[in-house]
Number of protein chains: 2
Amino acid sequence: MGSAALKKLRQQRLQAVLAKNPFLTDENLAEQFEVSIQTIRLDRMAMGISELRERTRYMAENAQKKLQAIASDDIVGELIDLEIGVSGISMMTVNKEMVLQKTGVCRGQYMFAQANSLALAVIDAPAALTGVANVKYKIPVYSGAVLVARAEVVRKQEDKYTIWVKIRNNRKEVFRAKFLIVSLPEERNQENENRG
Amino acid sequence: MGSAALKKLRQQRLQAVLAKNPFLTDENLAEQFEVSIQTIRLDRMAMGISELRERTRYMAENAQKKLQAIASDDIVGELIDLEIGVSGISMMTVNKEMVLQKTGVCRGQYMFAQANSLALAVIDAPAALTGVANVKYKIPVYSGAVLVARAEVVRKQEDKYTIWVKIRNNRKEVFRAKFLIVSLPEERNQENENRG
DNA sequence: CAACTGTTATGACTAGGTACTAAAAGTAGG
DNA sequence: CCTACTTTTAGTACCTAGTCATAACAGTTG
């Protein structure tokens, strides 16, 4: 094998190693690959891989954003259209972190979350709670699917709303849910407590 | 005001500022607080706050772990007990990232996720899919609540399971769901595709 | 005034690099 | 075998964002 081929192989391995563990210094990598630090640096240059500190900073910022996106966004998916009190549409792309390891099928909770949060967004109220949900999964969905959810208010009685949400992937209906949601008049806010 | 009091105030503000934005150098902080870099360093020493690079690294590692915990765990919550094909118990603590900003109430999707993943875990099958779910939220749950979910298989007909899941907080039932789950015989794995 | 706390300054050192130059080592082609 | 070329290694100066230790101020108080 020529040294040019060895070089390419090493650079690819370097990329793979850093993808798995980005917290490695050039010195660590030099030991691991049994070459000099300079070679590692040339390889990083060639592959456009930034230095340890930048990698770490990027990871910290990025993971932070992702966490916030997952945890603190009240709407799961991207809100495309919203007519308050009437209907709403949101979009969500299934990625490989959202699927079950065994089957590769998207976990039901993600579709549920998209549907439920869209239903809550449609309600014309300062605060609302899900009371009852009837859910049906029609077709399994895999990584890469672009899910379009459409929510419609079908009935409103005083503070109780009935909302239908249908999720389509590639125009086929994959999920359907009926939510009974109660809107809160902002009075009873946190009288409830959660003791041990 | 004595300078000792000023010092304490500055140190507390320092801690607060770094809690909000950990990506600040001592130089940045010195400008912001209109003191010298050395003062900032003495303050960090006094408060036991590590340097920028360590803070960044800690955040990167920690957020990474959290992301993995949220995204790639198939079971939401901690599995306490499991009798395959019969019943299972899991525990989950509601934290402040899991509640709606407006009301402080835990988002329904988390309870749904806990219940659904527990139900899937109980099934004695290599792979299973949720078909239908009937869900009822009985009492709103707030941050700090320790949710105990108990799943029970109430019927089994061929590959179709009916599973009841009840979630209690402090012995009061806050959530209840019935799942109809279909177990897959591992044959039809990924014949479905997701185009566009 | 001396003692003390708080703040700032200074110098020497560190990790983990960048940017650049130079040299050695390996690998062909003629 | 010698030359041309690529690859690898070495070494220097410099950078950031610190560390640690020492010293010198400033302001207050007993």
Side-chain angles (χ1 to χ4, degrees), chain A residues 1-69 71-72, chain B residues 1-69:
Chain A
M1 202 188 307
S3 69
L6 276 171
K7 187 181 172 184
K8 267 197 182 171
L9 188 74
R10 189 188 56 231
Q11 289 184 347
Q12 282 170 4
R13 281 210 300 144
L14 181 74
Q15 202 159 42
V17 164
L18 284 179
K20 279 200 181 175
N21 181 6
F23 304 113
L24 292 169
T25 64
D26 289 355
E27 201 180 351
N28 293 153
L29 293 162
E31 282 172 32
Q32 191 171 329
F33 286 95
E34 293 182 312
V35 291
S36 70
I37 290 185
Q38 283 74 7
T39 302
I40 294 294
R41 287 181 183 158
L42 285 172
D43 285 350
R44 275 202 299 106
M45 291 295 112
M47 310 292 283
I49 301 169
S50 47
E51 62 173 284
L52 167 67
R53 286 156 182 168
E54 273 185 52
R55 292 197 301 269
T56 311
R57 190 163 47 79
Y58 177 81
M59 302 239 336
E61 286 175 359
N62 212 256
Q64 201 67 6
K65 276 182 204 158
K66 265 197 186 175
L67 264 182
Q68 280 171 358
S72 48
Chain B
M1 202 190 302
S3 67
L6 275 170
K7 187 180 172 185
K8 266 195 183 171
L9 189 74
R10 189 187 57 231
Q11 289 184 347
Q12 282 170 3
R13 283 211 297 143
L14 182 73
Q15 201 158 41
V17 164
L18 283 178
K20 278 199 181 174
N21 180 5
F23 303 113
L24 293 169
T25 63
D26 289 354
E27 201 179 353
N28 293 151
L29 293 163
E31 282 171 33
Q32 191 170 330
F33 286 94
E34 293 183 313
V35 290
S36 70
I37 291 185
Q38 283 77 3
T39 302
I40 294 294
R41 286 181 184 158
L42 285 172
D43 285 350
R44 277 202 297 104
M45 290 295 111
M47 311 292 284
I49 301 169
S50 47
E51 62 174 282
L52 167 67
R53 285 156 182 167
E54 273 184 51
R55 291 197 301 270
T56 310
R57 189 164 48 80
Y58 177 82
M59 302 236 338
E61 286 175 358
N62 212 255
Q64 201 67 7
K65 277 181 202 160
K66 265 199 186 176
L67 265 182
Q68 281 171 358

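Letters go in sequence order (proteins before strands), and every chain restarts at 1.
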Of the options [options], whose atoms approach the side-chain atoms of [X] most closely?
X	options	value
A:T25	C:dG16, C:dT10, D:dT19	C:dG16
B:K7	C:dG17, C:dT8, C:dT7	C:dT7
A:R53	C:dT18, D:dT8, C:dG16	C:dG16

By the 4.0 Å heavy-atom rule, please label [X] as base, sugar-phosphate, or nothing.
X	value
A:E51	sugar-phosphate
B:R44	sugar-phosphate
A:I37	nothing
A:R55	nothing

Item to complete: Determine yes or no for a side-chain-to-main-chain donor-acceptor pair under 3.5 angstrom, with A:R55 supplying the side chain and A:F23 the backbone.
Response: no
Worksheet item: Within the distance-only criterion (no hydrogens, no angle test), does the side chain of B:N62 pair as donor or acceptor with the backbone N or O of B:M59 below 3.5 angstrom?
Response: no
[X] vs [N]: side-chain N/O to OP1/OP2 distance below 4.0 Å:
X	N	result
A:R41	C:dG16	no
A:R10	D:dT7	no
A:T39	D:dT8	no

